[in-house]
Amino acid sequence: MSINQFVIGVDYGSDSVRSVIIDALNGRELASSVYYYARWQKGLFCKPALNQFRQHPLDYIEGLEITIKDCIKQAGGDDIARNIKGISVDTTGSSPVAVDSTGQPLALLPEFENNPNAMFILWKDHTSVKEAAEINEHATRFDINYLKYVGGIYSSEWFWAKLLHILRADEQVRNAAHSWVEHCDWIPFLLTGGTDARDIKRSRCAAGHKALWAEEFDGLPPDDFFSSLDPLLKGFTEKLFKDTYTADVAAGTISAAWAQRLGLPEDVKIGVGAFDAHMGAVGGQIEPYHLSKVMGTSTCDILVAPTTDIQGKLVKGICGQVNGSVIPGMVGLEAGQSAFGDTYAWFKNIISWPLNNLLDSSKVINTEIAEALKAELSAQIIPELSRQAALLPLDDVNELAIDWFNGRRTPDANQLLKGAITGLSLGSDAPRVFRALVEATCFGAKSIVDRFIQEGIPVKGIIGIGGVAKKSPFVMQTMADVLGMPIRIHEFEHTCALGAAMFAAVVAGIYPTVEDAMTAMGRGFDVSYEPNEANQKLYAKRYEQYQGLGDFIALQIAQTKDAPADNTKILS
């Protein structure tokens, strides 16, 4: 290949967007830039107590422009920009939005600019729990199991549940919505200058794992499946899509307006989008039957297997199995935990309450010192908790926690479930409780590995990527001990963005296949955590306690009058 061919990977996370410029020859990072969503940072349009998490499209647009332009400036300006060949994008998901006939999110229109229902419904938004339960019950009435490729349970985190909730909740949005579009599909459409919602190229990854698209169904389930669920959905499939595209396909070429706006050539290819963990698995050099764990606010666990191995096999209780959703020619299987880093962040916020709420009114120090002290201590809390927790002796009577602080994603999606901490005493201090939370998230990871194995899918190794994997040795060592398996940590810090860049290199024609791009641009692994045999027996007992406590909590939730009993039903 020619030298001086560069690509851009754009990674939209829950709190920020990061862009990187990568040398397609060897995967070297030339520049990286991150933008924290301005409106999101202020907590606008979100109501955590109601599980409502919405993001304004302007946060996405502003972040896209700022980070790419900053990367170009860092890397060398026009000399680099003129050699940019492709851009690919990954996003969180399912994070859909209502759009008009031109494909523009309704929140970009003046009459909807402050309406949360007209914005992107972030993956972690659980306002559609009721709708998800209805979909699960409704699916049992059909001879064809339309949930068979999403693990048999539909989640409130996904496409159709969110659409139905918004249509029911907001008549103004309902009347204006022409279609419903995933974040990962809209950004490429934006960059290519699309003006007709019918022209949006829909991601195979998003459609298969979250929207019930399947090759067996020749697209989406039929209209009568949805219209008989609620008449508000009648005819909506016609507004959506039949065809889907893998991420090695071009969505088009950058529009003249966006080329000028970003300072790029007008021949830059724009790739079809995908979800962050799916592209992150590629950036992390995933191998067949090796579980790629993207560990950030939540986890998304990705495993790929040859299509012939999975033929006729359905894995229950996961987030779907889709041909080509990760690597074309292989089946991608997805699982995950709804709260991982968010669990640690929750505890950090709990114990930081005096800092955040009392320090500003201190009569001992001024405001400037108070802010500096808050920043200094905030940065030290998790590292010091980790250090102290690692020094504690292991015992089977220690504090015990359940990690369902944002519901349970897998195995067996149920967003009504809650987290818990038991075994507390007057001797339970912050490091001991923190250790229980870390163990709980690791036990949650084990339940996913166990489900794959129980369903006949071997797990030959663990690949750790994401912020927690790179920054938290205590968490990673605990996980290795709990799983009884080594965990390799990928060398590249921004693995999802690197994966997007690999796809951009294929879309631009630099490499013929995703595998070729992975081989050339992969950066390898720099850390490996080996399980401590002395801890494994004790953790096996602790895991049994975790399962027992989890069963108890699930039973209590199921017995409450507001919990749909069929929310945990698995369709066979």
Side-chain angles (χ1 to χ4, degrees), residues 5-12 17 19 21-22 24 57 60-61 63-65 67-69 71-72 81-91 93 96-97 99-105 108 120 178-207 211 213 239-275 278-279 282 324-325 328 497 499-514 517:
Q5 294 190 93
F6 309 121
V7 288
I8 295 176
V10 182
D11 170 35
Y12 281 95
V17 56
S19 293
I21 296 179
I22 301 293
Y60 297 160
I61 296 171
L64 180 70
E65 180 174 5
T67 57
I68 290 180
K69 291 171 74 171
C71 278
I72 291 171
R82 69 171 60 98
N83 289 303
I84 299 292
K85 304 299 181 184
I87 301 175
S88 283
V89 174
D90 71 71
T91 73
V97 70
V99 300
D100 64 14
S101 62
T102 71
Q104 181 168 225
L108 294 178
F120 284 90
H178 178 79
S179 192
W180 190 242
V181 181
E182 286 283 1
H183 183 191
C184 69
D185 295 334
W186 180 67
I187 296 295
F189 178 75
L190 174 73
L191 285 171
T192 55
T195 57
D196 188 334
R198 294 172 297 183
D199 296 335
I200 299 174
K201 285 190 173 179
R202 308 289 186 137
S203 159
R204 171 78 57 87
C205 163
W213 180 94
K239 300 177 181 181
L240 295 174
F241 55 90
K242 177 180 179 181
D243 298 324
T244 64
Y245 302 86
T246 52
D248 60 335
V249 174
T253 303
I254 194 169
S255 68
W258 269 99
Q260 183 178 22
R261 189 168 175 174
L262 298 175
L264 294 173
E266 293 188 10
D267 62 350
V268 173
K269 294 295 183 183
I270 308 297
V272 167
F275 289 152
H278 295 247
M279 285 192 170
V282 169
S325 65
M502 290 176 177
F503 277 104
V506 177
V507 166
I510 299 172
Y511 294 106
T513 69
V514 176

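As the structure is a computational prediction, the values presented were derived from the model and not from experiment.
- To the nearest 0.5 Å, the span separating OG on Ser255 from CD on Gln260 amounts to 10.0 Å.
- Judged purely by atom type and a 3.5 angstrom limit, Ser203 uses its side chain to pair as donor or acceptor with the backbone of Gly273.
- Across all their heavy atoms, Ala259 and Pro265 have their closest contact at CB-O, 3.8 Å.
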Open item on the list: Does Val97 form a side-chain contact (heavy atoms from CB on, under 4.5 Å) with Trp180? I'd like the steps, not just the answer.
Closed with: CA-CA 6 Å; Val97 70; Trp180 190 242; 5.5 Å; no
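- A donor-acceptor pair under 3.5 Å links the side-chain atoms of Trp186 to the main chain of Gly103, judged by distance alone.
- Here the shortest heavy-atom pairing between Ala197 and Asp100 reads CB-O, 3.8 Å.
- Ring geometry for His183 against Phe120 counts as tilted: the plane angle lies between 30° and 60°, on a 0 to 90° scale.
- Ala505 and Ala24 get closest at one heavy-atom pair: CB-CB, 4.5 Å.
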- [ ] Starting from the C-alpha separation in whole Å, work towards a yes-or-no answer on side-chain contact (heavy atoms from CB on, under 4.5 Å) for Val7 and Gln5.
- [x] CA-CA 7 Å; Val7 288; Gln5 294 190 93; over 6 Å; no
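- Phe275 is not listed as a side-chain neighbour of Asp90, based on a closest heavy-atom distance of 4.5 Å or more.
- Taking the side chain as every heavy atom from C-beta outward, Tyr511 and Met502 never approach each other to under 4.5 Å.
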- [ ] Evaluate side-chain contact (heavy atoms from CB on, under 4.5 Å) for Val514 paired with Val282, printing each intermediate quantity in order.
- [x] CA-CA 8 Å; Val514 176; Val282 169; 3.7 Å; yes
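- Side-chain contact between Lys269 and Thr253: present, with at least one pair of heavy atoms (C-beta onward) separated by less than 4.5 Å.
- Checked options Ile8, Val507, Ile187; the residue passing with Ile87 is Ile8 (criterion: side chain to side chain contact (heavy atoms under 4.5 Å, CB included)).
- Side-chain contact between Leu64 and Val17 is absent, with no heavy atoms from C-beta onward closer than 4.5 Å.
- In plain terms, the two heavy atoms of Arg202 and Asp243 that are nearest each other are CB-O, 4.1 Å.
- For the pair Tyr12 (side chain) and Tyr60 (backbone), a donor-acceptor distance under 3.5 Å is present.
- Within a 6.0 Å sphere centred on NZ of Lys242, other residues, nucleotides and ligands contribute 12 heavy atoms or fewer.
- Side chains of Thr192 and Asp199 form no contact here, defined as non-hydrogen atoms less than 4.5 Å apart.
- What you find for Ala81 and Leu264 is that their closest heavy atoms are O-CD2, 4.0 Å.
- In summary, the aromatic rings of Trp213 and Phe241 are positioned with their centroids too far apart to meet the 6.0 Å limit.
- When every heavy atom of Ala206 is checked against every heavy atom of Cys184, the shortest pair comes out as CB-SG, 3.9 Å.
- Looking at Lys201, its side chain does come within 3.5 Å of a backbone N or O of Ala250 through a donor-acceptor pair.
- The ring pair (Phe, Tyr, Trp, His ring centres under 6.0 Å) check on Phe189 picks up nothing, with sequence neighbours excluded.
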